[in-house]
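Data block below; observations after.
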Amino acid sequence: LDKILVVMKKLIFLTLLLGLFGCATLIPQGGPSTQAIKEADSEFLTVVELNPKIVGFLKNSTFDYKQQVKDLQIERYSPKIDRGDVLEIVIYETPPAILFASQSPLSLSQGVLSFNVPLQVVDDEGFITVPFVGRVYVRGKTPEQVAQQIEKSLSGKANKPQVVVSIRGFQSSYVTVIGHVRENRLVALNYNISTILDVLGAVGGTTSPINKTLVKITRDSKELTIPLEEIIKNPELNINLKPGDVITVVFQNQSATILGATGRNTELDFEAVGINLAQALARAGGLRDDIAHAKGLFVFRFEDKELLDKLGIPYRAYTQDGKVPVVYNIDLSKGESVLLLREFPVKDKDIIYVSTAPAVQLKKFLSTISDIIQPIFMIRVLTR
């Protein structure tokens with residue numbers, strides 16, 4: 001029995017010795033410790049300690065849609081005539097009518113003759129044909145400019161002619177609308193349909209919830225994505241469109257994964273407009289005050305290296321598509337850091353992790369040792 005006690009004492013001593021060098025290798029652990037993550041700032045990870053300046057920059061770069069939309073702002077679309085458009089032309093001639101008195105179809109109203117030119121389709125070269133005028137180049141002009149051009153050509157032939165030109169069918173000024181909408185189709189821009197919301201209304205609206213819908217505008221080589229909810233709230237974001245634009249409506253079910261010492265570990269869905277870190281933690285039940293480490297709140301994400309360049313944060317590695325693996329850390333033991341939670345924007349696919357306090361690991365270690373020592377103590381008592 002004494003030999004057994006000696007062997008067990010040696011085992012206890014060995015266990016204690018190993019515990020001094022790192023009890024995390026001996027007892028169960030839910031994830032990396034605060035120290036382990038901070039020491040991971042190496043060839044792969046870039047660990048960034050958050051401060052008001054960095055958080056403010058991240059917030060503005062994420063939610064400043066008004067600044068982002070400036071590159072696509074244009075004046076309200078004024079229809080220009082192009083190939084394939086259908087023009088309606090009416091020519092008025094005051095009595096005594098000289099040129100159109102014998103033409104058909106002809107109508108008379110208060111002594112003024114009006115002649116309806118057959119509907120004209122703009123040909124591939126941009127021309128139409130008008131009686132007594134001939135071929136008229138109209139491409140790129142407004143209806144008013146074409147009317148003035150025809151009046152000038154009829155001057156001297158007709159008695160005080162007046163011309164009204166209108167676009168009966170827009171065949172050239174289309175935008176494309178695809179995605180989660182009632183109808184995927186082309187929408188013609190005109191005097192009444194010009195903005196993003198105008199176009200979405202023309203196709204019957206979206207089929208996804210407003211708060212989880214993104215609208216992507218593609219124009220030439222530029223792209224901009226804005227939550228539909230933001231466009232509805234802010235008229236400045238309801239920009240004018242121009243022919244050739246592509247509107248893609250996307251049902252965006254954004255989510256972040258929350259792990260560690262929180263009320264519940266979960267994959268948290270959130271709105272297309274985004275949420276802040278305080279909201280995300282609150283929806284997950286907050287931090288567990290019995291085990292959470294105040295200095296161990298981390299957000300893992302792949303960040304654009306251009307953004308880190310603007311912040312002046314050095315990094316060692318990035319992926320082929322220019323993404324840097326970053327770990328943001330907030331030290332909640334500092335009172336001012338708590339305010340950063342409501343300013344820090346959570347992004348789709350973020351991993352939010354809260355490490356356990358070192359004291360918790362020590363408590364687990366001591367509990368393990370107690371489980372080993374207690375049987376030996378009881379054996380000694382019984383042998384006496």
Side-chain angles (χ1 to χ4, degrees), residues 22-25 27-59 61-62 254-270 274-305 307-308 311-319 323-362 364:
C23 61
T25 60
I27 57 179
Q29 188 167 324
S33 65
T34 300
Q35 182 180 357
I37 295 175
K38 291 187 175 183
E39 290 176 352
D41 190 358
S42 59
E43 294 300 321
F44 180 70
L45 283 179
T46 298
V47 179
V48 179
E49 300 290 338
L50 289 177
N51 56 49
K53 178 182 177 182
I54 294 176
V55 171
F57 185 89
L58 293 174
K59 180 182 178 181
S61 64
T62 302
Q254 300 190 101
S255 65
T257 303
I258 301 181
L259 302 172
T262 60
R264 60 191 177 94
N265 288 187
T266 182
E267 182 177 8
L268 180 68
D269 293 337
F270 58 90
I275 59 175
N276 57 49
L277 188 53
Q279 292 172 312
L281 291 172
R283 294 181 188 185
L287 275 63
R288 289 187 54 181
D289 56 6
D290 57 334
I291 61 173
H293 190 200
K295 297 185 177 183
L297 174 56
F298 300 96
V299 178
F300 293 73
R301 79 166 54 140
F302 284 93
E303 200 73 89
D304 291 328
K305 64 186 185 69
L307 185 143
L308 296 183
L311 283 169
I313 296 175
Y315 53 88
R316 299 178 181 84
Y318 54 88
T319 62
K323 301 289 186 180
V324 179
V326 175
V327 183
Y328 293 112
N329 174 227
I330 297 181
D331 183 356
L332 295 180
S333 64
K334 300 177 181 178
E336 65 272 16
S337 296
V338 178
L339 295 176
L340 298 180
L341 296 180
R342 62 191 300 268
E343 300 298 319
F344 184 85
V346 175
K347 290 187 176 182
D348 188 31
K349 304 297 187 298
D350 275 358
I351 297 176
I352 301 169
Y353 173 72
V354 181
S355 64
T356 55
V360 175
Q361 295 301 105
L362 178 60
K364 289 181 181 179

> For the ring pair Phe298 and Tyr328, is the centre-to-centre distance below 6.0 Å?
Replying inline: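 Centroid separation for Phe298 and Tyr328: 6.0 Å or greater.
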
Calculate, to the nearest 0.5 Å, the distance between atoms [atom1] and [atom2] belonging to [X] and [Y] respectively.
| X | Y | atom1 | atom2 | result |
| --- | --- | --- | --- | --- |
| Leu332 | Leu341 | CG | CG | 5.5 Å |
| Ile330 | Leu277 | CD1 | CG | 5.0 Å |
| Lys347 | Phe270 | NZ | CZ | 10.5 Å |
| Leu45 | Ile37 | CG | CD1 | 9.0 Å |
| Leu268 | Ile258 | CG | CD1 | 4.5 Å |
| Ile351 | Glu267 | CD1 | CD | 10.0 Å |

>> Using a strict threshold of under 4.0 Å (side-chain N to carboxylate O), is an ion pair present between Glu303 and Arg301?
In response: yes

Answer whether the closest heavy-atom distance between the side chains of [X] and [Y] falls below 4.5 Å.
| X | Y | answer |
| --- | --- | --- |
| Lys38 | Glu49 | yes |
| Leu287 | Leu281 | yes |
| Ile352 | Thr257 | no |
| Ser255 | Asp348 | yes |
| Leu58 | Leu307 | yes |
| Val326 | Ile313 | no |

>> Looking at Asn329 and Val48, would you say the former's side chain and the latter's main chain have a donor-acceptor pair under 3.5 Å?
In response: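 No, the answer is negative, given that no donor and acceptor are paired below the 3.5 Å cut-off.
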
> So, the side chain of Ser337 versus the backbone of Asp331: is there a donor-acceptor pair under 3.5 Å, distance only?
Replying inline: yes

>> For the NZ atom on Lys305, are there more than 12 heavy atoms of other groups (residues, nucleotides or ligands in this structure) within a distance under 6.0 Å?
In response: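 Above 12, so yes.
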
>> Over 60° means perpendicular and under 30° means parallel, so tell me whether Phe300 and Tyr353 are parallel, tilted or perpendicular.
In response: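 The rings of Phe300 and Tyr353 stand perpendicular, inter-plane angle above 60°.
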
> Are Thr356 and His293 close enough, and set up right, to give a side chain to side chain donor-acceptor pair (under 3.5 Å), and what steps lead you there?
Replying inline: CA-CA 5 Å; Thr356 55; His293 190 200; over 6 Å; no

> By side-chain contact (heavy atoms from CB on, under 4.5 Å), which residues pair with Asn276, not counting sequence neighbours?
Replying inline: Ala278, Gln279, Arg342

Work out which heavy atom in [X] is nearest to a heavy atom in [Y]; give both atom names and the distance.
| X | Y | value |
| --- | --- | --- |
| Val324 | Ala317 | CG1-O, 3.6 Å |
| Ala256 | Val346 | CB-CG1, 3.9 Å |
| Ala261 | Ile291 | CB-CG1, 3.7 Å |
| Pro32 | Ala36 | CB-CB, 4.3 Å |
| Ile54 | Asn51 | N-OD1, 2.9 Å |
| Gln254 | Gly274 | NE2-N, 4.3 Å |

> Do any pairs count as a salt bridge (Lys or Arg N to Asp or Glu O under 4.0 Å) and have a residue in residues 278-288, sequence neighbours left out, and if so which ones?
Replying inline: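 Pairs touching residues 278-288 that pass the test: Glu271-Arg283, Arg288-Asp290.
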
>> Can you confirm whether the side chains of Ser355 and Thr34 place a donor and an acceptor under 3.5 Å from each other?
In response: yes

